[in-house]
Amino acid sequence: PLDSHKLWPERAHGLAIGGETWHPLACWATFSLSEPMWEEGPVMLVQLAVQNFRSIRDEQVLSFVPATKDKSLPENVMGEDPKLLASAVLFGANASGKSNLLKALAFLRALVQNSATKHQPGAKLAVQPFRLDAVSRNRPTVFEIAFVHEQVRYIYTVAATVDRVV
């Protein structure tokens, strides 16, 4: 079920680019600063989960929900319901999947934006499943994104193979 939330306009900081204001957590804006996903209000990324995409076999989650016990950077927490991190850092060893997590977000964005207009029936999808084991190669790639827009929390899940959205 979708949960309704109150946004925090008094603490929503933005970046003005080309006359438009982008919120730091506007997940869609991180890949294209020229076209907003919605005309009004920021899109606040709550969580991104990815499974079976490129080097990511098992589900990996990027969450902007702050840890309940860690109070070390209160200036990096925004809002009241829900409280979300204003920024996050991905770090890890070389070839550990950091870039592929961001590529998953870009792929999901392109899939949503282009599915009705640019994708031709019967055309292959550019999804790239984990290829280092036979089982994963034949399973769908799964993306789940949770975000808040205009005080409403949305959860969008999609599974896809190279042949179709399942």
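The two atoms that bring N100 and S55 nearest to each other are ND2-OG, 2.7 Å, heavy atoms only. Nearest approach of P129 to S136, heavy atoms of both residues: CB-O, 3.9 Å.
Proximity of a side-chain donor or acceptor of K71 to a complementary backbone N or O of T68 within less than 3.5 Å is detected. A donor-acceptor pair under 3.5 Å is formed between the side chain of T141 and the backbone N or O of N52.
Looking at heavy atoms from C-beta onward, K83 lies out of side-chain contact with V65 at the 4.5 angstrom threshold. Between V112 and V158, the closest side-chain pair of non-hydrogen atoms is not below 4.5 Å. With contacts defined as side-chain heavy-atom distances shorter than 4.5 Å, the pair S87/N76 qualifies. Looking only at side-chain heavy atoms (C-beta outward), L84 and V77 stay at 4.5 Å or farther from each other. At a threshold of 4.5 Å between non-hydrogen side-chain atoms, the residues Q47 and E144 count as touching. Contact check for R54 versus K103: side-chain heavy atoms found under the 4.5 Å cut-off. Taking the side chain as every heavy atom from C-beta outward, L105 and I145 approach each other to under 4.5 Å. Taking 4.5 Å as the limit, every side-chain heavy atom of V142 sits out of range of all side-chain heavy atoms of V50.
Looking at residues two or more places apart in sequence or on another chain, you find no side-chain hydrogen bond (donor to acceptor under 3.5 Å, both in side chains) involving Q60. Annotation: side-chain hydrogen bond (donor to acceptor under 3.5 Å, both in side chains) contacts of S72 (sequence neighbours excluded): D70.
The structure places CG of L85 at 7.5 Å from OG of S63, a figure rounded to the nearest 0.5 Å. Interatomic distance, NZ of K98 versus CG of L62, reported as 13.5 Å (0.5 Å rounding). We find the CZ-OG1 distance between R137 and T161 to be 15.0 Å, quoted to the nearest 0.5 Å.
Summarising the local packing, CZ of R164 is surrounded by 12 or fewer heavy atoms from other residues, nucleotides or ligands at distances under 6.0 Å.
By the rule that hydrophobic residues join a cluster once side-chain heavy atoms approach within less than 4.5 Å of another member, L111 and Y154 end up as members of one cluster. Hydrophobic clustering (side-chain heavy atoms under 4.5 Å, transitive across Ile, Leu, Val, Met, Phe, Trp, Tyr) keeps L125 apart from F130. Transitive grouping of hydrophobic side chains (ILVMFWY, heavy atoms separated by less than 4.5 Å) brings L48 and V165 into a common cluster. Linking ILVMFWY side-chain heavy atoms closer than 4.5 Å, directly or via other members, places F107 and L90 in a single hydrophobic cluster.
In summary, the aromatic rings of F147 and Y156 are positioned with their centroids too far apart to meet the 6.0 Å limit. Taking the six-membered ring wherever Trp is involved, the centroid distance between the rings of F53 and F143 falls below 6.0 Å.
Pairs engaging residues 119-135 under the salt bridge (charged side-chain N to carboxylate O under 4.0 Å, His left out) rule: R57-D133, K124-D163 [sequence neighbours left out].
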*asked:* Assess the residue pair T157 and I155 against the criterion (side chain to side chain contact (heavy atoms under 4.5 Å, CB included)); give the C-alpha distance rounded to whole Å, side-chain angles, the decisive distance to 0.1 Å, and a yes or no.
replied: CA-CA 7 Å; T157 305; I155 300 173; 4.2 Å; yes
